[in-house]
Amino acid sequence: DAGVIQSPRHEVTEMGQEVTLRCKPISGHNSLFWYRQTMMRGLELLIYFNNNVPIDDSGMPEDRFSAKMPNASFSTLKIQPSEPRDSAVYFCASSSYSGAPYEQYFGPGTRLTVT
Amino acid sequence: KQEVTQIPAALSVPEGENLVLNCSFTDSAIYNLQWFRQDPGKGLTSLLLIQSSQREQTSGRLNASLDKSSGRSTLYIAASQPGDSATYLCAVQTGANNLFFGTGTRLTVIP
């Protein structure tokens with residue numbers, strides 16, 4: 001299995017621009033998670049989906065952030081407009097909630113820099 | 001809200017030493033606990049997962065224990081090697097999906 005795939009691996013953009021991060025979960029997994037990692041706050045859950053449906057988006061920092069999962073094999077996290085404080089590493093993870101132990105598998109992350 | 005704390009924040013040991021990393025959590029109603037490894041600039045690699053009904057898990061030189069009632073977990077690394085140098089993260093799951101991470105312990109093993 002190829003594992004969780006994220007693209008791009010690195011993204012540098014200017015403040016105000018739209019940024020779209022992409023994730024392909026492990027085939028057969030039905031839960032998908034977006035996390036953000038910063039030096040100040042560590043790893044935080046932004047949003048997660050079960051069977052392509054958003055379940056909890058309470059971690060999304062503000063309305064500039066949005067996430068979609070149009071099908072079981074693809075999800076996007078969009079930031080519009082981007083700000084320098086959005087600079088972080090964004091991780092996508094997937095798991096299967098239909099059976100224990102709900103272990104989450106992480107992608108390599110996208111390092112976002114907003115100048 | 002679940003809070004996860006890891007001590008120490010950084011640790012430096014000579015090669016060959018056995019070492020223990022600590023993790024504590026505030027809400028004992030957890031579903032499972034995972035230990036991850038993160039290399040600089042890389043993603044997270046799952047090392048061990050302990051379900052709430054278990055007391056410990058072992059993989060090679062790694063052994064993780066869980067004391068749910070006291071809200072503690074330890075990761076024991078035997079005969080440390082320079083390749084073990086990384087940041088180790090503890091994470092607890094308080095439902096089918098909510099995963100809360102500690103801030104990590106940065107380990108350096110000196111050859």
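The analysis underlying the following values was restricted to heavy atoms, covering all of them including side chains, and did not include hydrogens, waters or symmetry mates. In the text below, chain A, chain B and the rest are named by the order of the sequence lines, each starting its count at 1.
Contact annotation for B:F36: only side-chain heavy atoms (C-beta onward) come within less than 4.5 Å of a heavy atom of chain A. When heavy atoms are compared at a cutoff of 4.5 Å, A:Y105 does not approach chain B at all. Within the 4.5 angstrom heavy-atom criterion, no atom of A:Q6 approaches chain B.
Cluster annotation: B:L66 is connected to B:L48 through the hydrophobic network of ILVMFWY side chains, with a link wherever side-chain heavy atoms come within less than 4.5 Å. Taking hydrophobic clusters as Ile, Leu, Val, Met, Phe, Trp and Tyr residues chained together by side-chain heavy-atom distances below 4.5 Å, A:M15 shares a cluster with A:Y90. Residues B:L89 and A:L45 share a hydrophobic cluster, clusters being chains of Ile/Leu/Val/Met/Phe/Trp/Tyr side chains in contact below 4.5 Å. Hydrophobic clustering of Ile, Leu, Val, Met, Phe, Trp and Tyr side chains at less than 4.5 Å, counting indirect connections, unites B:L19 with B:L75. In the hydrophobic clustering of ILVMFWY residues, with side-chain heavy atoms under 4.5 Å counting as a link, B:V13 and B:Y76 come out apart.
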Exercise for review: Give the C-alpha distance, both sets of side-chain angles, the deciding distance and a yes or no for side-chain contact (heavy atoms from CB on, under 4.5 Å) between B:L44 and A:F91.
Suggested key: CA-CA 9 Å; B:L44 279 70; A:F91 289 101; 3.9 Å; yes
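A distance of 9.5 Å separates CD of A:Q104 from OG of B:S46, quoted to the nearest 0.5 Å. Taking OG1 of B:T103 as the start and CE of A:M39 as the end, the distance is 10.5 Å to the nearest 0.5 Å. Between B:F101 atom CZ and A:Y35 atom OH the span is 5.0 Å, to the nearest 0.5 Å. Within the model, atoms OH of A:Y48 and CG of B:L99 stand 11.5 Å from one another, a figure rounded to the nearest 0.5 Å.
A:D63 CG: 12 or fewer foreign heavy atoms inside a 6.0 Å radius.
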